[in-house]
Amino acid sequence: MSFDDAYQALTDHDDDARWAYGTGFSDPLAGVPTALPEGVDAGDLAAYCLMIGDDALVMSHRLQQWVTRAPELEDEMAIANIALDLLGQARLLLTRAGEAENSGRDEDALAYLRDPEDFRNVRLVERVDADFAQLVVRLLVFATWRLALLDRMAASRDPVLAAIGAKGVKEVAYHRDYAAGWVVRLGDGTELSHRRVQDAVDHVWPLTGELFVPHEVELRLAASGVAVDPSSLREECDAVFAEVLRVATLRRPESPPLEAARSGDGDQSRAGGRGRDGVHGEELTEILNEMQGLARATQGGVW
Amino acid sequence: MVTTAAEVAATVTDPELPFLTLADLGILRDVRETDDGVEVTITPTYSGCPAMGAIETDLRRALHRAGYERARVRTSLAPAWTTDWISDEGKAKLAAAGIAPPGPAPQRRQGPVPLTLGIRDDRVACPRCGAGNTERLAAFGATACRELRRCLSCREPFEHVKEI
């Protein structure tokens, strides 16, 4: 198809060949089997897909905020690519969540029309980065944890989760290497870069505790071979963190990560509650205002 | 001359690498003619590949033009796409376009995904002068599947399709 100018091509709605703008995307799981694995509670599966999907969605948005702000053009490209991979994973997982809950909510409804307390992401992903050092440390922690998680999810009894896991492993392995490369370069760099990345490690570390504490939904689904118990990821992640910090000449913070309250024990206070229970910081509200504002103002809008 | 639906689908090209067909890239997984119309199965290269919608439309349009009124496009996620599915002809077309084609995809061993710190030991030949000594400039390029490299011999920068 040819057009006289690019704007005409962008606004051509004779078909659904739109790229990355507007709402109303087609279902990225079109044609993927939608049946639920036997003996699995649909509500649990939906909740689990939201957890793993929201982690990717919110992290992707935080990364997108760095585009045009990264130190080098190559890093803009890297960060945008990583954000795109995670957005793709989020779309698949939110679609799966909508199908499992069978309420008619699609990926758009789940991404754009939920309030902060309905998001199930870990708090690590919503945290704002004060500088590039915090970004790369946070990305290292996130990608290391998610890579270990997706690798185990590839063996899930749910064929859709297994496929998303196997595909995601290839992507997130690159994300982790990128982040680790920067942590080493800054840590083993100048006195200034070393100090700032060490500050970033100290700042991000308390958020790592939550990553390894299972939610009751994760425990139930892990027992039936569908989900991953996050406490099983700790050893692998610790080994990677230790190796990167050693090569980067950085010190692992002395204080143990804050072990957030186990979910389901009734503790919903801000101090002890966890992202998996819908307890978030102000930072998530700020992200959602930005991410959802236009879609909420023009519901069903296509442009 | 009768053109089968599979032959039609095999001529559709990738929107970002228009000299490559979907078949060259290995993302066209299956074409089936049934009583209910044509069913085409494709698989994304990366989870976030933004070209999937355009590819789906291009496939349906090409099939309509060839007289296949009812065409459906399905997505298959497993097994995950690997650059090993790029055909030899596809690799030759990439090289002719100045993009270094992928070598064999890394084989996963047992245990955790290995961490790569520092220089990766990958030998990618320069698609322009053929020299073997090239270096990576950036692990992420203009699309998810490409990285940016530079030839240390002729000094030209070039793109390389990453092995996954």
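Each chain gets a letter, A, B and so on, in the order the sequences are listed, and its residues count up from 1. These numbers come from a predicted model, not from an experiment.
Shortest non-hydrogen contact noted between B:Leu117 and A:Ala180 is CD2-CB, 3.6 Å. Of all the heavy atoms in B:Gly111 and A:Asp151, the pair that sits closest is O-OD2, 4.4 Å. Nearest heavy-atom pair, B:Arg108 versus A:Val169, reported as atom, atom and distance to 0.1 Å: NH1-CG1, 3.9 Å. Listed here is the closest heavy atom pair of B:Trp81 and A:Lys167: N-NZ, 3.7 Å. In terms of heavy atoms, A:Asp85 sits closest to B:Ala144 at OD1-CB, 4.3 Å.
Once rounded to the nearest 0.5 Å, the distance linking OH of A:Tyr178 with OG1 of B:Thr116 reads 16.0 Å. With values rounded to the nearest 0.5 angstrom, B:Lys162 atom NZ is found 12.5 Å from A:Lys170 atom NZ. The CG atom of A:Asn81 sits 8.5 Å away from the OH atom of B:Tyr46 when rounded to the nearest 0.5 Å.
Only the backbone of B:Thr45 comes within contact range of chain A, with at least one heavy atom under 4.5 Å from a heavy atom of that chain. For a residue to count as touching a neighbouring chain, one of its non-hydrogen atoms must lie under 4.5 Å from one of that chain's; by this rule B:Thr41 does not touch chain A. Using a 4.5 Å cut-off between heavy atoms, A:Gln89 contacts chain B through both its backbone and its side chain. Heavy atoms closer than 4.5 Å to chain B are found in both the backbone and the side chain of A:Leu84. Proximity to chain A (any heavy atom under 4.5 Å) is shown, for B:Pro44, by both the backbone and the side chain.
Atom CZ of B:Arg155 sits in a crowded spot, with more than 12 heavy atoms from other residues, nucleotides or ligands closer than 6.0 Å. More than 12 heavy atoms of other residues, nucleotides or ligands lie within 6.0 Å of CD in A:Glu243, so this atom counts as buried by the packing criterion. Heavy atoms from other residues, nucleotides or ligands lying under 6.0 Å from CD of B:Glu135 number more than 12.
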- request: Take B:Phe140 and A:Glu74, measure what side chain to side chain contact (heavy atoms under 4.5 Å, CB included) needs, and give me the verdict at the end.
  value: CA-CA 7 Å; B:Phe140 296 88; A:Glu74 286 78 3; over 6 Å; no

message: Is there a side chain to side chain contact (heavy atoms under 4.5 Å, CB included) between B:Val113 and A:Arg176? Walk through the geometry before answering.
response: CA-CA 10 Å; B:Val113 179; A:Arg176 187 185 66 175; 4.1 Å; yes

query: Would A:Ile164 and B:Ser47 count as a side chain to side chain contact (heavy atoms under 4.5 Å, CB included) if you check the C-alpha gap in whole Å, the side-chain angles of each, and the deciding distance to 0.1 Å?
result: CA-CA 8 Å; A:Ile164 294 169; B:Ser47 301; 5.9 Å; no

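Interface check for chain A: of the options B:Arg74, B:Arg72, B:Glu39, the most heavy-atom pairs under 4.5 Å are formed by B:Arg74. Considering only heavy-atom pairs separated by less than 4.5 Å from chain B, the leading option among A:Ala163, A:Ala78, A:Ala148 is A:Ala78.
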